[in-house]
Asker: 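Here's a structure for you.
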Amino acid sequence: MERSEFLKYFGTGLLVCTGCSLVSCGNNDDPTPSGVDFTLDLTLPENSSLQSAGGSVSKDGVIVDRISSNEFTALSRACTHEGTNVNYRSTQQDFLCPNHGSVFDKNGSVKTGPATKVLFKYNTELTGNSLRVFS
Ligand code: FES
């Protein structure tokens, strides 16, 4: 086999394998933040919307919402369908994905598809005016 034939034959194969590997890596991405542990000071202006029910704040890929006077929820903001950020709807107390219309309840469960997996839920702990969000 001539050198040019060898490179042509195996070079094409290498490109195909490299392409498959890149596609494979892209499909395994999980946009759910891990190792989450932060505290929100509710007295700061950037967190003031959490002072009353219906408010929400996004931080580090997590959407934190005040459901009622003493109830918070913290969910991964990435829609489980294709990763678009969901938005909190205080009137309905749910989360809408603006991309394809999936709706998740306040616990992250799917109410309407096309998403089929729940949003990851983080723990919340309120101490005075500090709200800790952690996994
Ligand atoms: S990315 Fe959210 S419904 Fe498709």
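For the numbers below, each heavy atom of this structure counts, side chains included, while hydrogens, waters and symmetry mates do not. In each ligand, atom 1 is the first atom listed, and ligand 1 is the first ligand listed.
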Asker: Angle between ring planes, Tyr88 versus Phe95, binned at 30° and 60°: parallel, tilted or perpendicular?
Answerer: tilted
Asker: List, by chain and then residue number, the residues other than Leu42 in its hydrophobic cluster (Ile/Leu/Val/Met/Phe/Trp/Tyr, side-chain heavy atoms under 4.5 Å); write none if there are no others.
Answerer: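 In the cluster with Leu42 are Val36, Phe38, Leu40, Leu50, Val57, Val62, Val64, Phe72, Phe120, Tyr122, Leu126, Leu131, Val133.
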Asker: Within a radius of less than 6.0 Å around NZ of Lys111, do more than 12 heavy atoms belonging to other residues, nucleotides or ligands occur?
Answerer: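 Buried by this count: over 12 neighbours within 6.0 Å.
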Asker: Could you tell me whether the side chains of Thr43 and Asp41 share a donor-acceptor contact shorter than 3.5 Å?
Answerer: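 Yes.
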Asker: Establish, from distance only, whether the side-chain atoms of Arg77 and Asn87 form a donor-acceptor pair under 3.5 Å.
Answerer: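 Per modelled atom types, Arg77 and Asn87 side chains form a pair under 3.5 Å.
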Asker: Near atom 2 (Fe) of ligand 1, which protein N/O/S atoms fall under 2.8 Å?
Answerer: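 You should have found Cys79 SG, Cys97 SG.
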Asker: Shared ILVMFWY cluster between Val110 and Leu96, side chains joined below 4.5 angstrom?
Answerer: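 Different clusters.
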